[in-house]
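Working notes, beginning with the structure itself.
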Amino acid sequence: GGNNILLYTLPTVMDDLSVSASYTPKGTTSESSSAYGATYTGVEGLSVSYGAGSNDAAAGTTNNADVTTMKATYAYGSITVGYSDHEFDSGTAANDQETKSYSVSYTVTDDISVTYGTEEIAMTGVTGDEDAEYSKISVAYTSGGMTLTATQQEGENISYTTASTEDQDYWSLGLSFAF
């Protein structure tokens, strides 16, 4: 995003393929930036997306970066599996980051679903050399306009070190109503 950004979404190029693009022109303190993405949904239950772009600050600065994201989900019956890979390549190698995520969802009944997901973040140039790892499991029960959720989350090496203070657990219980 930014000032004077131009966004364009093409009509469906061919069956089940959508394409979008953006362009931000050169400003007084930044170079021009661009991005594009495509999503294919031509196989029942499958969705595959790819996007790439540049985030350019002033010419030659270390804040310039290229970003690439790939994502796929597949639903079969009551099970949905997902995967994503996100890479941030900065002009400064110390700011490079790669994130990989996986998830599995299971719809037990029309009212109950269970989801498990993990994420691993590798970052160069940080004090520690460990990857940050996160996991989450949640259960949801819906009845009419009410949804009850229970969640357990865990973070390990959240500041990229193995210190015991860098591992944290989180539990939550939620109740929401829709009128």
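All residue numbers in this chain count up from 1 along the given sequence.
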- Separation of Asp66 CG from Ser33 OG (nearest 0.5 Å): 9.5 Å
- Message: If hydrophobic residues (ILVMFWY) are linked whenever their side-chain heavy atoms come closer than 4.5 Å, directly or via other members, who joins Tyr23 in its cluster?
- Response: none
- Query: Can you tell me how far CG of Asp89 sits from CD of Gln97, rounded to the nearest 0.5 angstrom?
  - Reply: 10.5 Å
- ILVMFWY cluster membership beyond Tyr83 - transitive side-chain contacts under 4.5 angstrom: Tyr102
- Query: Do side-chain atoms of Thr109 reach the backbone of Ile112 as a donor and acceptor pair under 3.5 angstrom?
  - Reply: yes
- Between atom OG of Ser32 and atom CG of Leu6, what is the distance when rounded to the nearest 0.5 Å? 12.0 Å
- salt bridge (Lys or Arg N to Asp or Glu O under 4.0 Å): pairs with one or both residues in residues 163-179, sequence neighbours excluded: none
- Just do the side chain to side chain contact (heavy atoms under 4.5 Å, CB included) check on Val48 and Leu46 with the steps written out, would you? CA-CA 7 Å; Val48 179; Leu46 178 67; 3.8 Å; yes
- Taking side-chain hydrogen bond (donor to acceptor under 3.5 Å, both in side chains) as the test, write out the residues that go with Thr80, two or more places apart. none
- Message: Give me each pair satisfying salt bridge (Lys or Arg N to Asp or Glu O under 4.0 Å) with a member in residues 93-117, each pair once, sequence neighbours excluded.
- Response: Asp85-Lys100, Glu98-Lys100
- Task: May I have the step-by-step check of side chain to side chain contact (heavy atoms under 4.5 Å, CB included) for Thr115 and Tyr106, ending in yes or no?
- Result: CA-CA 6 Å; Thr115 302; Tyr106 178 62; over 6 Å; no
- Query: How long is the gap from OG on Ser172 to CD on Gln153, to the nearest 0.5 Å?
  - Reply: 6.5 Å
- Query: Where do Ser34 and Tyr36 land on the side chain to side chain contact (heavy atoms under 4.5 Å, CB included) test, with the steps shown first?
  - Reply: CA-CA 7 Å; Ser34 60; Tyr36 64 90; over 6 Å; no
- Message: I'd like to know if Leu173 and Trp171 are part of one continuous hydrophobic network [Ile/Leu/Val/Met/Phe/Trp/Tyr, side-chain heavy atoms within less than 4.5 Å].
- Response: no
- Kindly write out the residues that satisfy ring-ring contact (aromatic ring centres under 6.0 Å, His included) with Tyr141, not counting sequence neighbours, or none if the list is empty. none
- Using the test side-chain hydrogen bond (donor to acceptor under 3.5 Å, both in side chains), find all partners of Ser22 that sit at least two apart in sequence or belong to another chain. none
- Message: Test of understanding: with side-chain hydrogen bond (donor to acceptor under 3.5 Å, both in side chains), list the residues that count as partners of Thr39, not counting sequence neighbours.
- Response: Ser49
- Quick one: CE on Met123 to OG1 on Thr99, what's the gap to the nearest 0.5 Å? 9.5 Å
- Only counting residues at least two apart or in another chain, list the ones meeting side-chain contact (heavy atoms from CB on, under 4.5 Å) with Asp131. Glu120, Ala122
- Note on the structure: Value for CG (Leu148) from CG (Leu175), rounded to nearest 0.5 Å, stands at 6.0 Å
- Looking at residues at least two apart in the chain, or sitting in another chain, which of them share a side-chain contact (heavy atoms from CB on, under 4.5 Å) with Thr149? Ala140, Thr147
- Under a single-linkage definition using a 4.5 Å side-chain heavy-atom cutoff for Ile, Leu, Val, Met, Phe, Trp and Tyr, are Tyr40 and Leu10 assigned to the same hydrophobic cluster? yes
- Close side-chain approach of Tyr116 to Ser103, heavy-atom, < 4.5 Å: no
- Task: Flag yes if Val114 and Tyr170 sit in one hydrophobic cluster, no otherwise; membership is Ile, Leu, Val, Met, Phe, Trp, Tyr, and two members link when side-chain heavy atoms are under 4.5 Å apart.
- Result: no
- Task: Please determine which of Ile158, Thr118, Asn157 meets the side-chain contact (heavy atoms from CB on, under 4.5 Å) test together with Tyr134.
- Result: Ile158
- Could you list all the side chain to side chain donor-acceptor pair (under 3.5 Å) pairs where at least one residue sits in residues 69-79, not counting sequence neighbours? Thr69-His86
- Partner set under side-chain hydrogen bond (donor to acceptor under 3.5 Å, both in side chains) for Glu87, not counting sequence neighbours: none
